[in-house]
Amino acid sequence: MKKLYPNAEAALDGLLFDGMTICAGGFGLCGIPERLIDALQASGVKDLTIASNNAGIDNEGLGKLLRSRQVKKMISSYVGENKEFERQYLAGELEVEFCPQGTLAERCRAGGAGIPGFYTKTGVGTQVAEGKEVKVFDGEEYVLERGIRADLSIIKGWKADEAGNLIFRKTARNFNQPMATAGKICVAEVEEVVPVGSLDPDAIHLPGIYVKRLIVGAPYDKKIEFRTTRPRPEAAGAA
């Protein structure tokens, strides 16, 4: 089965429809599937429900889909760096399901593992638990959380072979791994594709059985959310 496609548009062809649910990897601007997000924006697909740790920042990452008003609902743990996300939510234009960060990761992992729900102490006694079943185990309360299953997963990896076996690079693994397994179809973009057999089997982070379609997205420009600097020593001395 050929998994390598020439570009993001071709890799998403036939997979998109209005009202679909998408799991998107990434954390801030680290490890986000940039090319696939751009293709989603260009496609015009709308009324999306997206599960992602956050929505990038204004005009970057998933923030592009917010600006184009293609997102109906976000399932996220953090919204603080995206003013458009905040504005749409406070104006009632965007539905948001807030989910603790670890719980969100586990909901996607559970969905990918065929686990429909699990109990966790996180959120007990807070707004997170409102409307959810609470059960007592060994004298402690736990809230029931549902696993997440999506129509499509879009992720970013570092290196893959032609069979889709994939390696992430350092912290860019973040949410990409659990998101990949939670979708009925996973499309991955990577920086490099190598022949089958080139990768050490013990180094594989995501087996190719989860990756249905694959593109090379390189080259990438490293974007920085907050550029924090200090004066150079010579400049400080001169001052």
Side-chain angles (χ1 to χ4, degrees), residues 8-9 11-28 31-56 61-79 82 84-85 88-89 92-118 120 123 128 131-132 144-157 174-189 206 209-215:
E9 291 76 14
L12 293 177
D13 184 43
L15 302 180
L16 305 181
F17 58 90
D18 293 346
M20 69 187 304
T21 297
I22 297 174
C23 279
F27 189 101
I32 61 172
E34 298 177 43
R35 307 293 178 253
L36 294 169
I37 291 172
D38 287 343
L40 281 172
Q41 183 182 31
S43 76
V45 65
K46 60 183 186 298
D47 294 330
L48 300 174
T49 295
I50 300 181
S52 176
N53 177 65
N54 59 319
L62 293 173
K64 294 180 179 180
L65 299 181
L66 289 176
R67 284 283 181 186
S68 57
R69 312 306 289 269
Q70 292 171 257
V71 184
K72 178 182 70 174
K73 177 180 178 179
M74 288 293 305
I75 305 173
S76 297
S77 71
Y78 184 61
V79 303
N82 192 316
E84 181 62 16
F85 192 156
Q88 289 188 23
Y89 171 61
E93 299 170 0
L94 176 70
E95 184 180 351
V96 178
E97 181 180 335
F98 286 111
C99 184
Q101 197 167 80
T103 302
L104 178 60
E106 179 60 12
R107 287 179 68 188
C108 292
R109 190 206 67 83
I115 300 171
F118 60 92
T120 175
V128 170
K132 299 175 183 176
L144 177 64
E145 294 282 359
R146 293 294 306 270
I148 293 176
R149 288 289 290 162
D151 300 299
L152 173 68
S153 295
I154 55 172
I155 66 166
K156 162 73 186 307
N174 53 57
F175 275 82
N176 280 294
Q177 195 166 19
M179 293 298 188
T181 65
K184 296 176 183 176
I185 295 177
C186 174
V187 181
E189 65 177 79
L206 182 69
I209 192 171
Y210 290 109
V211 178
K212 298 297 186 288
R213 300 184 181 186
L214 181 68
I215 66 163

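These figures come from a predicted structure and were not determined experimentally.
Residue pairs satisfying the side chain to side chain donor-acceptor pair (under 3.5 Å) criterion with at least one member in residues 36-46, sequence neighbours excluded, are listed as follows: Asp18-Lys46, Asp38-Lys64.
Remark: side-chain polar atoms of Arg67 are not paired, donor with acceptor, to backbone N or O of Glu84 under 3.5 angstrom. Side-chain atoms of Arg149 come within 3.5 Å of backbone atoms of Ala182 as a donor-acceptor pair (strictly under, hydrogens ignored). In terms of modelled atom types and a separation under 3.5 Å, the side chain of Asp47 and the main chain of Lys72 share no donor-acceptor contact.
Looking at heavy atoms from C-beta onward, Gln177 lies out of side-chain contact with Thr181 at the 4.5 angstrom threshold.
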Notebook entry, point to check: Does the side-chain contact (heavy atoms from CB on, under 4.5 Å) test come out yes or no for Val96 and Phe85, once each step is laid out?
Noted result: CA-CA 9 Å; Val96 178; Phe85 192 156; 3.4 Å; yes
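Considering only residues two or more places apart in sequence or on other chains, Phe27 meets the side-chain contact (heavy atoms from CB on, under 4.5 Å) condition with Asn53, Gln101, Asn174, Phe175. With sequence neighbours excluded, the residues forming a ring-ring contact (aromatic ring centres under 6.0 Å, His included) with Tyr89 are Phe98, listed by chain and number. Ile185 meets the side-chain contact (heavy atoms from CB on, under 4.5 Å) test with Leu15, Leu152, Val187, Lys212; sequence neighbours excluded. For Glu93, the side-chain hydrogen bond (donor to acceptor under 3.5 Å, both in side chains) test picks out Arg69, Arg87, with sequence neighbours left out. For Arg35, the side-chain hydrogen bond (donor to acceptor under 3.5 Å, both in side chains) test picks out no residue, with sequence neighbours left out.
Between Lys132 and Glu145 there is a salt bridge, since at least one side-chain N of the basic residue sits less than 4.0 Å from a carboxylate O of the acidic one. Under 4.0 Å is where a charged nitrogen must lie from a carboxylate oxygen, and between Glu34 and Lys156 no such pair does.
The two atoms that bring Ile154 and Pro33 nearest to each other are O-CG, 3.7 Å, heavy atoms only. Of all heavy-atom pairs between Ala110 and Gly147, the closest is CB-CA, 4.4 Å.
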